[in-house]
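Below is one structure, written out as structure tokens; the observations come after it.
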2 protein chains.
Amino acid sequence: MPRQVDHVGRRRLIAEAVCHLADERGLEGVTLRDVAARAQVSMGAVQRCFRTKEEMLVFALGHISERIMERVQARLVRSPAQSAGTALGHAATEISLLRMEHRAEARVWLAFVAQAAVSKVLARTLKANYATLQEALTRLISEAGEGSDHTPPLDPQREARALLALADGLTTHVLIGHLTPQEAHNVLHAHLAGLWE
Amino acid sequence: MPRQVDHVGRRRLIAEAVCHLADERGLEGVTLRDVAARAQVSMGAVQRCFRTKEEMLVFALGHISERIMERVQARLVRSPAQSAGTALGHAATEISLLRMEHRAEARVWLAFVAQAAVSKVLARTLKANYATLQEALTRLISEAGEGSDHTPPLDPQREARALLALADGLTTHVLIGHLTPQEAHNVLHAHLAGLWE
DNA sequence: TCGGTTCCGATGCAAGCGCATCGGTACGGG
DNA sequence: CCCGTACCGATGCGCTTGCATCGGAACCGA
């Protein structure tokens with residue numbers, strides 16, 4: 001068994017390159033040659049890892065979805081001591097990718113979302129991710145609702161959908177410069193505060 | 001002064017073609033040749049109307065922005081008899097482009113938003129539109145707040161930002177199939193109902 | 001040492017892109 | 001009537017794209 005390379009690692013490396021390029025020039029500025037150059041591998045290597053460009057993009061989308069999801073998860077387990085309401089705030093903040101250091105991820109995410117509107121296979125991946133996030137938010141809202149003294153007739157699933165859509169919308173508006181990150185943060189937390197009265 | 005053609009009309013015609021193509025295949029599937037074919041004019045005519053492809057895209061974005069804005073405006077003046085709160089609901093519904101017949105506009109809008117994240121000139125056009133919409137929503141929220149018996153400590157501008165972001169996020173989620181239009185509609189109106197307690 | 005297997009990087013290819021060019025066409029003033 | 005001008009459609013060019021190909025390098029077991 002001769003030379004073996006770390007295919008999984010290489011795929012991740014290439015996915016990172018795709019994200020960097022999509023951040024800089026948009027998804028349509030991503031070409032096989034540029035990806036290869038950015039990842040410091042040859043074009044042949046890229047084509048060996050992914051049979052087609054679309055396969056590469058789908059993998060890249062899965063890659064960054066995974067990263068974002070992991071960060072949300074990590075944020076949740078890092079702050080278990082406080083209330084479910086606080087945890088919800090942290091999760092929402094992470095999801096909206098408001099921190100400057102995640103601006104790149106946000107841009108890539110937006111590029112993929114736009115592409116998903118016309119690409120069935122990308123849409124499937126995205127839908128799965130949104131479903132997972134919505135489920136997690138629904139659970140958090142339910143828990144926070146139980147802990148609260150106030151018991152308003154909240155529909156946790158509906159509130160989760162609203163929160164997810166709000167977070168996405170705010171991210172978008174920050175990206176195109178309509179809102180500052182600070183303004184978006186304020187809007188988000190005012191909304192959360194409104195949930196418990 | 002020989003033969004004169006209606007340049008403005010032709011530009012609009014081409015813009016419509018751009019929108020149709022962007023709806024079907026995404027913004028990066030829009031090529032000069034296809035636009036010309038769809039608009040039933042020659043490529044030369046397209047190039048005469050717009051010096052460059054980017055100029056054409058910017059004009060197309062302005063065109064659909066105008067249409068959406070007009071529809072919101074029309075919806076507002078069509079229902080003056082009811083309360084400001086109702087008007088707000090109508091405006092928000094229009095903005096989120098939830099009706100199936102406006103799905104195409106929504107997709108085009110999303111494509112432009114994604115592109116604007118990396119294109120400065122597109123971003124400027126978009127920002128101007130969002131600013132106008134936000135202003136209108138702020139005014140409506142203020143009026144509705146005055147008319148209400150309840151006077152909660154609402155920040156009209158912040159609520160307008162939230163509403164705009166929520167509408168955009170919902171539109172996006174409907175487009176990629178995460179939510180049905182009905183679900184999005186429910187979320188939107190639940191949010192609006194929550195504003196007046 | 002060496003044979004065999006696995007991989008990869010350079011190159012080729014057809015198609016499609018945006019853009020520039022130009023001869024023909026149709027119109028309107030004199 | 002007819003000429004000059006404003007317009008347009010077809011065509012060409014240079015370039016880039018995604019994808020296919022293949023000779024040789026790299027590596028491990030014997």
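All chains are named by letter (A, B, ...) in the order of the sequence lines, taking the proteins before the strands, and each is independently numbered beginning at 1.
Going from atom CZ of R33(A) over to atom P of dA10(C) covers 12 Å, rounded to whole Å. Spacing between atom CZ of R10(B) and atom P of dG9(D) amounts to 7 Å, rounded to whole angstrom units. Between E28(B) atom CD and dG18(C) atom P the separation is 12 Å, expressed in whole Å. The interatomic distance linking Q47(A) (CD) with dT17(D) (C1') rounds to 12 Å, in whole Å. Residue M43(B) contributes atom CE, which lies 11 Å from atom P of dA20(C) at whole-angstrom precision.
Taken to the nearest 0.5 Å, the CZ atom of R103(B) stands 12.0 Å off from the CZ atom of R99(B). Taking CD1 of I176(A) as the reference point, atom CG of L122(B) lies at 10.5 Å (rounded to 0.5 Å). Taking CD of E66(A) as the start and NE2 of H63(A) as the end, the distance is 7.5 Å to the nearest 0.5 Å. One finds the CZ atom of R158(B) at 7.0 Å from the CG atom of N186(A) (value rounded to the nearest 0.5 Å). Atom NE2 of H7(B) is separated from atom CD1 of I14(B) by 9.0 Å, given to the nearest 0.5 angstrom.
Scanning for side-chain hydrogen bond (donor to acceptor under 3.5 Å, both in side chains) contacts around T125(B) gives an empty result, with sequence neighbours left out.
Side chain of S96(B) to main chain of T171(B): no donor-acceptor pair is present (N/O by atom type, distance under 3.5 Å, no hydrogens or angles).
Within residues 50-63 of chain A, the residues approached by DNA chain D to less than 4.0 Å at the level of any non-hydrogen atom are T52(A), K53(A), in residue-number order. Shown for residues 15-23 of chain A: no residue has heavy atoms falling under 4.0 angstrom of DNA chain D.
Among the heavy atoms of the strands, none lies under 4.0 Å from V35(B). Nucleic acid contact for V46(A): none, since no nucleic acid atom lies under 4.0 Å from a heavy atom of the residue.
Contact annotation: S42(B) does not reach the phosphate of dC8(D) (side-chain N/O to OP1 or OP2, under 4.0 Å).
In this structure, a donor-acceptor pair under 3.5 Å is present between the side chains of S65(B) and N129(B). Judged by distance alone, the side chains of E94(B) and H102(B) never bring a donor and an acceptor atom under 3.5 Å apart.
Remark on DNA chain D: of its neighbouring residues D34(A) and R48(A), the 5'-side contact belongs to D34(A), judged by nearest-heavy-atom nucleotide.
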